[in-house]
Amino acid sequence: MSITSFTFILFIFATLILYYVVPKRFQWVILLAASMAFYLLSSLKGAIFVLITAATVYGATRWMQSISDKQKQFLKDNKATLSKEEKKALKEKNKKHRKAIMICTLVLNFGIMCVVKYSHFAVDTVNSIFNSGLNNEFSLIVPLGLSFYTFQSMGYLINIYWGNYKAEKNFLKVLLFVSFFPQMTQGPISEFDQLSNELFSEHEFTYKNYSWGFQRMLWGFVKKMVIADVMAPWVKDVFENYNSYTGITVLIGAFMYSIQIYADFSGYMDIMCGYCEMLGISLTENFERPYFSKSIAEYWRRWHITLGAWFKNYIYYPIGISKWNRNLGKKLTEKCGKSIGKNLPATLALIVVWLTTGLWHGASWAYVAWGGVNGLFIIFSMWMEPVYAKVKSTLHIYENKWLWKAFQTIRTFVLVTFIKVLPEVGTLSQGFGLWKRIFTALPQIPHGISQLIPFIKIDKWIDIFITVGMIGIMFILSLLQRKNQTRYYFNKIPLAIRIFILLMLVFFVIYIGFSAEATGGFMYAGF
Amino acid sequence: MKNYQKAFLSSVCFIISFFIVLVSIVEIYFASDSQSWSDRKCRKELSGEIDCIFNGSCHSVYGINPLIIDEKMNVNSYNLSGPEVNWYERKYLIEDMLSKNPIKTIYFEIAYDNLGRDIDESFWGTVYFLSRTESVLDQVSAFFCYTKFNEYDDAAKFLIKESFEYAFASFENMCTKLVNNIFNLDLKYHQTNHYKKENKGYIPYDAENMTFSHQEVEEKYNSIAIDYDTNIETLNIIDDVMALCKEKNIYVYFIVLPISTNKLWEVNNFDEFRITINSLAQKYDCRCFDFNLLKNYSSLFSIDNSFHDDFHLSDLGTTAFCEEMCDIIIESSSGKDVSSRFFDTYAEAKEYSEYMNILKGD
């Protein structure tokens, strides 16, 4: 079921009505039924994978919880009789037991994800290195939202292992957490304690949630269908034919790709967060004006925030605070100084994080390289921080001056764009080829608009006018969102004018959305 | 006001506003002659004058030229056909024409693909039909009755897209006119009017050369069976239409328009369809002419320029066909036996196909 289809619109409004009609204590049941229906309608065979994940996570967390509870009870009952060493030994034994359960469940679920997602990549790599003729023509069922729900449920599993909260006793609630349809295909990747609080508490219908949620949903559809889908064929044209275009044209294509992917991904977020707002459910934000970031590190704190948080919480910190890494840090501090002692362990953790982030985004070396390049910039900035501080001090560059902020923002946007396009063109060599084209063909001056932007058909100028207008509004809203007041002020406008603006947006979505060439869904749904 | 009430009222206001704007734009589009089948204005202008109609689906839209019919048979005919229409839609249009015109003769085009057409098969036919009806209520009820649920969004998308494109094109033309007048320029306008009133419902197709190669002639001979059926609902509608014609003393003909040499060559079960249509004609006691069985088919229709595709005549093919059809009908109406101008079966007709020489190795 496509998110931008009439059937989906009917589906979510039917769910909304049922959600508020049933007694509040059954609201989560409606969400579970809707999630199952959504998944079964979209991918019947893939539903089995979701059930396996939910069942294994439920079983593992309940088992780990029962070990913890029994240990707690045993220690409480035998407080006086057990020695300190006996207590320690018991805790160690149970910890090992729980660790084994966690690792088995992680291996099973990540194993399924790796087999389904990376088999072809692995076979291709082995064939190219060893010149073996392994068969790569097999096809596997790829469940919808595999990466997202796997990460989300494994995060829950790890948190139970760490004892951050208690395991959920109701399997159906765990199933809902794993399969909650608004966030299943493209996130956000939520923590159980935050999301369960939203999903399982009772929600009163409020006009504010309903209207504000609807407005946000509509804006999401505008971003997706009026901006992203219209730009998709232009970007595709540039990426497929970059060798025939001037450097400036290819550069424009690259910038358009940045706008397209932001509009596509954040548009989906707005649709789903808006819908959840109508249900009274608050989802974690995944974007915070990322193109206004002043560094790559900041960019990744503002783009796909929940994925970054997942990698930080479950890969970076565990590696960073692991015994061997801390010991390494101590030894390096003693031998090479504080800076190296602090930065090198962090660097090792960052390398792992960014290579796996790249692999998560795509099963190809181009994506691994993309992740590596992102990591490289962040690591380089980390190491060069004292040097930058010295240079800025020497040149009297003040951080809070608008000119310096503007420079940082534009620089970051350009860097991020260059890094983004690397895996999108095709292979790694094609990505580098695009970079090369930009620089080598930059001196070529395009003659007229038809050579500058040959991929845009000017005869449909009204479509282009509407799309460019919406991009402008998206940019202005991003600027205004700094103060977080845009929705408040919009709802202060008289009702008749608000209805007129919303109607115009609906008609733009319908007209442009139906005119644009089909892109086959949302870009991040492929992950 | 309670939350629910406020939400309900604002939603209703929004939805009503949406539909008012949407219906207005779509109605303007329907009322225009923006598409090649948008014949509302033309039928209205000719109202009271038409004495002969051709009613069918896509085969006759592109295969019946009323101008040739009018000249040869001294009638005032109209091509009331539409691509992919079902019999409910055909009946509506016939009743509408009968109520406004002194119709004496109706030629029903019958094809293997329109006897079994379900009421909600193919939203395209419904969309074309909607643009030819006048009442908004009829359009709304037709949309919901004649469109499958899972095709609502396709049908709505098409209508909305076409309507908006027409609206924007008209707006652009207005701006262009203003700019041309103010600045004395000669900027081009968008073509928004595609319906040609003078064609009286006929849409000419260009020709394509579809000649089979030698290998194709051998491989494709009697190689496929057409999947066709009859539909109880359709047959009931035909009953109603025939009863109406009888009541109004309208003379009825069943005609089967020519399809391409290639398709006749490929298909091995057209004779089943021929038996069905002959039995229908017998039931209603009306004449039936299957022009695929013409003995001079090969000399009338050339595979390189008489057809647009497997199932539709080109403009050249239509001219030849209409002239031949008129001759046969005039002869038949004067009491002469025209059966000698036709083969009895498709199998027999195939023996005289221009491809048979190739197959036999001549």
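The chains referred to below are lettered A, B, ... by the order of the sequence lines, with proteins before strands, and numbering in each begins at 1. Note that the coordinates shown come from a computational prediction; the quantities given were computed from them, not determined experimentally.
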Value for NZ (A:Lys208) from CG (B:Asn3), rounded to nearest 0.5 Å, stands at 11.5 Å
Is the closest side-chain donor-acceptor distance between B:Ser10 and A:Tyr210 under 3.5 Å?
no
Above 12 or not: heavy atoms from other molecules or residues under 6.0 Å from OH of B:Tyr4?
yes
Under 4.5 Å to a heavy atom of chain B? For A:Leu502 that would be both
Are more than 12 heavy atoms from other residues, nucleotides or ligands located less than 6.0 Å from atom CG of B:Asn184?
no
Is it the case that over 12 heavy atoms from other parts of the model lie below 6.0 angstrom from the CZ atom of A:Phe13?
yes
Sort B:Leu22 into side chain, backbone, both or neither according to what part of it lies under 4.5 angstrom from a heavy atom of chain A.
both
More than 12 heavy atoms of other residues, nucleotides or ligands under 6.0 Å from CD of B:Gln215: is that the case?
no
Can we call the ring centroids of A:Tyr511 and B:Phe168 under 6.0 Å apart?
yes
Let's go through B:Phe164 and A:Ile512 carefully: what are the C-alpha distance in whole Å and the side-chain angles of both, what is the deciding distance for side chain to side chain contact (heavy atoms under 4.5 Å, CB included) to 0.1 Å, and is it a yes or a no?
CA-CA 9 Å; B:Phe164 272 80; A:Ile512 303 281; over 6 Å; no
In Å, rounded to the nearest 0.5 Å, how long is the span from NZ of B:Lys6 to OG1 of A:Thr206?
10.5 Å
Distance col, row A:Phe214:CZ vs B:Phe14:CZ, nearest 0.5 angstrom, shows 4.0 Å
Greater than 12 external heavy atoms within 6.0 Å of B:Ile182's CD1:
yes
Here the gap from A:Tyr207 atom OH to B:Ser11 atom OG, rounded to the nearest 0.5 Å, amounts to 7.5 Å
